[in-house]
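Structure, as structure tokens:
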Amino acid sequence: MGATALIKCCELVCGYTAAVTAPLSFVVEAGDYLCVVGENGAGKSTLLKTLLGLSSPLGGSIEIGEELKANEIGYLPQQTLVQRDFPASVREIVISGCQSRCGLRPFYSREEKAVAEKNMERLGIIELKNRCYRELSGGQQQRVLLARALCASSKLLMLDEPAAGLDPGASREFYRLTEALNKNDGISVIMISHDVKAALRYADHILHVGKRPFYGSLDEYLESPAGRLFAAEEGETFYD
């Protein structure tokens, strides 16, 4: 019996008033780690917003599997300077990821509070729970936002440039955390990253968004025209 398809896209075209991406066809199955790469301005972030329902597709189709509900996707968007200076405690930010569970309730349940505590423990930030978010380092802030995303979903995480602005050590640690969530906890991951060499160490499937779209395994990508051209343009060597 095959893996469960969480998301299936066929000839998906993303954009706003005009198309930003070429038609994209790919599948995200339970347990997948999909890395989305491509040129600047190719529409990678627009793709995630379309998958989340924040933007309507201009063509093609998106099928959400029966195992995945719209409110069961944890999303970590690109962080802005305003967000980095947000005056709230770590606990308040993490538990806000449970809002989709609350419905019309104006308070968090005991279960939701326990989920927030569990995810802070899981990401090693429980001792920071009463600290103000804006006082934390960049790496600590990303852990907080990842814990928040985990409160929203234990099935699928969508991460948009999560290591942007982090120092190399913090970036490596963040990638290791996402790898552990994927390999050990079975959480599917869709990650956009410009740090291609680092991100591809952990991905098992690649979606290249750009003039030469590609979807397939990591090995297939590295042998494809899209992968070779992109590596040459970025000056990267993936075999090391």
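What you are looking at is a predicted structure, and each value in this text was computed from that prediction instead of being measured.
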> Is there a side-chain contact (heavy atoms from CB on, under 4.5 Å) between Phe26 and Leu34 once you walk through the steps?
Replying inline: CA-CA 10 Å; Phe26 62 95; Leu34 175 67; 4.2 Å; yes
Shared hydrophobic cluster for [X] and [Y] (ILVMFWY, side-chain gaps under 4.5 Å):
| X | Y | answer |
| --- | --- | --- |
| Ile192 | Tyr16 | no |
| Ile187 | Val94 | yes |
| Leu52 | Val27 | yes |
| Leu68 | Leu48 | yes |

> Phe174: what forms a ring pair (Phe, Tyr, Trp, His ring centres under 6.0 Å) with it, not counting sequence neighbours?
Replying inline: none
Looking at every heavy atom in both [X] and [Y], which two are closest together, and how far apart are they?
| X | Y | answer |
| --- | --- | --- |
| Pro87 | Arg134 | CB-NH1, 3.7 Å |
| Leu51 | Cys9 | CD2-SG, 3.6 Å |
| Ser153 | Gly74 | CB-N, 3.3 Å |
| Tyr108 | Lys113 | O-CE, 3.6 Å |
| Pro57 | Leu12 | CB-CD1, 3.5 Å |
| Cys98 | Val115 | SG-CG1, 4.4 Å |

Partners of [X] by side chain to side chain contact (heavy atoms under 4.5 Å, CB included), sequence neighbours excluded?
| X | result |
| --- | --- |
| Leu218 | Leu200, Ile206, Leu222 |
| Ala19 | Val13, Leu58 |
| Glu121 | Ile126 |
| Asp32 | Val28, Glu29, Asp204, His205 |

> Among pairs that include at least one residue of residues 149-166, which meet salt bridge (charged side-chain N to carboxylate O under 4.0 Å, His left out), considering only residues two or more places apart or in two chains?
Replying inline: Glu72-Lys155
What's the separation between atom [atom1] in [X] and atom [atom2] in [Y], rounded to the nearest 0.5 Å?
| X | Y | atom1 | atom2 | value |
| --- | --- | --- | --- | --- |
| Leu181 | Ser188 | CG | OG | 11.5 Å |
| Leu146 | Leu76 | CG | CG | 6.5 Å |
| Cys151 | Met120 | SG | CE | 7.5 Å |
| Ile190 | Leu47 | CD1 | CG | 7.5 Å |
| Thr178 | Leu157 | OG1 | CG | 9.0 Å |
| Arg201 | Tyr33 | CZ | OH | 12.5 Å |

>> Test side-chain contact (heavy atoms from CB on, under 4.5 Å) on Tyr175 and Ser193; report intermediate values, then the result.
In response: CA-CA 11 Å; Tyr175 289 131; Ser193 180; 2.9 Å; yes
> Quick check: are there more than 12 heavy atoms from other residues, nucleotides or ligands sitting under 6.0 Å from CD of Glu66?
Replying inline: no
> In this structure, are over 12 heavy atoms from other groups packed under 6.0 Å from Lys183 atom NZ?
Replying inline: yes
Taking only residues two or more places apart in sequence or in another chain, which ones pass side chain to side chain donor-acceptor pair (under 3.5 Å) with [X]?
| X | value |
| --- | --- |
| Thr50 | none |
| Tyr75 | none |
| Ser96 | Arg148 |

> Listed by chain and number, what are the salt bridge (charged side-chain N to carboxylate O under 4.0 Å, His left out) partners of Glu117, not counting sequence neighbours?
Replying inline: Lys129
>> Please enumerate all residues that pass salt bridge (charged side-chain N to carboxylate O under 4.0 Å, His left out) together with Arg91, with sequence neighbours excluded.
In response: none
> Are Met158 and Ile7 close enough, and set up right, to give a side-chain contact (heavy atoms from CB on, under 4.5 Å), and what steps lead you there?
Replying inline: CA-CA 12 Å; Met158 293 190 185; Ile7 297 176; 3.8 Å; yes
Taking only distance into account, with no hydrogens and no angle test, what donor-acceptor pairs under 3.5 Å do side-chain atoms of residues 165-173 form with protein atoms, sequence neighbours excluded?
residue : atom : partner : partner atom : Å
Asp167  : OD1  : Gly169  : N            : 3.0
Asp167  : OD1  : Ala170  : N            : 2.8
Ser171  : OG   : Asp167  : O            : 3.1
Glu173  : OE1  : Arg176  : NE           : 3.4
Glu173  : OE1  : Arg176  : NH2          : 3.1
Glu173  : OE2  : Arg143  : NH2          : 3.0

>> Looking at Lys44 and Gly38, would you say the former's side chain and the latter's main chain have a donor-acceptor pair under 3.5 Å?
In response: yes
> Would you say Ser25's side chain and Glu11's backbone share a donor-acceptor pair under 3.5 angstrom?
Replying inline: yes
> Stepwise, does the side-chain contact (heavy atoms from CB on, under 4.5 Å) test hold for Glu92 with Tyr133?
Replying inline: CA-CA 9 Å; Glu92 288 170 332; Tyr133 175 77; over 6 Å; no
